[in-house]
Number of protein chains: 2
Amino acid sequence: MTRKITANMEDYLEAIHVLAQDRGNVRVKDIAQVLNVTMPSVSGAVKKMEKQGLVSHPKYDTIVLTARGSVMAEEIYRRHRIIKSFLENVLGLDPDIAEQDACRIEHNISPETLAGLKRFME
Amino acid sequence: MTRKITANMEDYLEAIHVLAQDRGNVRVKDIAQVLNVTMPSVSGAVKKMEKQGLVSHPKYDTIVLTARGSVMAEEIYRRHRIIKSFLENVLGLDPDIAEQDACRIEHNISPETLAGLKRFME
DNA sequence: TAACAATGTTAGGCACGGCTAATTTAAGGA
DNA sequence: TCCTTAAATTAGCCGTGCCTAACATTGTTA
């Protein structure tokens, strides 16, 4: 039932989640800025996510995560935080690099490895 | 000069490298088997890699890495081994899972993080 | 040597995800 | 109210990388 989602869509989902927390409402333009893509790219991605029931987006309006989208976004962001924290606090990496790497690794890590990282930090 | 390469091409390069070490000569079929794709997919990928000067591949013949391809493949495989070793020996993960995760993470990790992992294991 | 099996390639199509250019809508100011 | 501008959308294109179906080549074997 939980349809698989691409790494790209995970990025969009996460960006929306973070923007919503920071600024309240989320527009196509904001996402484009954060993800460093053009607005048409965001439009297309959001449309796809809407079909998958992850966001709600009335035309020309702001974008809101559905319950399901929210759950997924939080899960992705949770992975992100764990990975970043590990890189920063355990490996002692520069926060910017830790952030960058977390962004990419978060899409490709198994629950087991994630649990391993977490265990390690306690 | 070192043209950037996609994660997918890295997989192909690595597979060829490993196959060459294991069995000596490498055929389209072998790569297809290892990467779990069809032969036409391999044909296309190999053609692209040939254009980039990474492999040599006479029609209907075996595939051989060029010097440049070899250097890149070894570098990728080195990353792979470090990551796998970390997951297995430091985090104590199952070797199969460590292998799987290494395969995916190796394409998305910065030199800094890699160095961090390595440092950690000494 | 002729035919068959295995291997490889080509042709053509699909999904993803990016882009630019052109159009549409919404919102604010004269 | 009308007009300008910012934001968003649509249309259309491109590259990547996968697939199936059809064709070509190689090598083996009867």
Side-chain angles (χ1 to χ4, degrees), chain A residues 2-16 19-20 22-65 69 72-73 76 103-104 106-108, chain B residues 2-16 19-20 22-65 69 72-73 76 103-104 106-108:
Chain A
T2 306
R3 262 183 301 227
K4 218 180 318 179
I5 202 184
T6 64
N8 254 292
M9 288 303 121
E10 286 193 354
D11 280 334
Y12 279 105
L13 220 44
E14 189 179 12
I16 294 169
L19 281 167
D22 288 0
R23 297 170 217 191
N25 64 1
V26 181
R27 314 211 117 257
V28 168
K29 196 203 172 191
D30 305 322
I31 303 173
Q33 221 166 286
V34 167
L35 295 184
N36 206 32
V37 296
T38 60
M39 290 205 296
S41 299
V42 176
S43 259
V46 166
K47 185 170 286 181
K48 200 173 297 178
M49 287 190 284
E50 199 166 22
K51 278 184 192 156
Q52 298 178 315
L54 300 174
V55 303
S56 155
H57 182 214
K59 272 198 182 179
Y60 296 98
D61 205 345
T62 55
I63 296 148
V64 179
L65 292 172
M72 293 185 63
I76 296 160
C103 270
R104 290 178 300 177
E106 68 189 9
H107 306 298
N108 301 102
Chain B
T2 305
R3 261 181 301 223
K4 218 179 319 178
I5 202 183
T6 64
N8 254 291
M9 288 303 121
E10 286 193 354
D11 279 333
Y12 279 103
L13 220 44
E14 190 179 13
I16 294 168
L19 281 167
D22 287 0
R23 297 170 218 189
N25 63 2
V26 181
R27 313 208 120 262
V28 168
K29 195 203 172 191
D30 305 322
I31 303 173
Q33 222 166 284
V34 167
L35 295 184
N36 206 31
V37 296
T38 60
M39 291 205 295
S41 299
V42 176
S43 259
V46 166
K47 186 170 283 180
K48 200 174 294 177
M49 286 190 284
E50 200 166 21
K51 279 185 191 153
Q52 297 178 317
L54 300 174
V55 302
S56 155
H57 182 213
K59 269 200 184 176
Y60 297 99
D61 204 345
T62 55
I63 295 148
V64 179
L65 291 173
M72 291 185 65
I76 296 161
C103 270
R104 290 178 299 178
E106 67 189 8
H107 307 298
N108 301 102

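Note on naming: letters A, B, ... go to the chains in the order of the sequence lines (proteins, then strands), and numbering restarts at 1 for each one.
In terms of phosphate contacts, S41(B) brings a side-chain nitrogen or oxygen within less than 4.0 Å of OP1 or OP2 of dC19(D). Taking 4.0 angstrom as the limit, H57(A) places a side-chain polar atom (N or O) nearer than this to OP1 or OP2 of dT9(D). For dC19(D), the OP1/OP2 oxygens have a side-chain nitrogen or oxygen of T38(B) closer than 4.0 Å. S43(B) has no side-chain polar atom (N or O) that falls below the 4.0 Å cut-off from OP1 or OP2 of dT10(C). The phosphate of dT9(C) (OP1 or OP2) has no side-chain N or O of K47(B) nearer than 4.0 angstrom. Note on Y12(A): every side-chain N or O is 4.0 Å or more away from OP1 and OP2 of dC16(C).
The P40(A) side chain lies nearest to dT9(D) when the options are dT9(D), dA11(C), dT7(C). For K29(A), counting side-chain heavy atoms from C-beta on, the closest listed nucleotide (dG17(D), dA8(D), dT20(D)) is dA8(D). Distances from the side chain of R27(A) to the nucleotides dT7(C), dG17(C), dA7(D) place dA7(D) closest.
Between A45(A) and V26(B), it is V26(B) whose nearest contact on DNA chain C lies nearer the 5' terminus. Place N8(A) and K59(A) on DNA chain C by their nearest nucleotides, and N8(A) ends up nearer the 5' end.
The nearest whole Å value for the distance from the CD1 atom in I5(A) to the C1' atom in dC16(C) is 13 Å. One can place CG of D61(B) at 11 Å from C1' of dT26(D), the figure rounded to the nearest angstrom. Rounded to an integer number of Å, the gap from OH of Y60(B) to P of dT28(D) is 17 Å. In this entry the distance linking CG of N25(A) with C1' of dA27(C) reads 15 Å, nearest Å. When rounded to the nearest whole Å, the span between CE of M49(A) and P of dC16(C) equals 13 Å. For N36(A) and dG17(C), the CG to P distance is 17 Å, given to the nearest whole Å. Taking atom CE on M39(B) and atom P on dC18(D), their separation rounds to 15 Å, with Å as the unit. Taking atom CG on D11(A) and atom P on dG17(C), their separation rounds to 10 Å, with Å as the unit.
Within the 4.5 Å cutoff, the side chain of N108(B) has no heavy atoms near those of the H107(A) side chain. In this structure, L19(A) and I63(A) have side chains that are not in contact, with every pair of non-hydrogen atoms separated by 4.5 Å or more. Considering only heavy atoms from C-beta on, I76(B) stays 4.5 Å or farther from D11(B) through its side chain. A heavy-atom distance below 4.5 Å is found between the side chains of I5(A) and L54(A).
Checking V26(B), T62(B), V28(B), V64(B) one by one against H57(B), the side chain to side chain contact (heavy atoms under 4.5 Å, CB included) holds for a single residue, V28(B).
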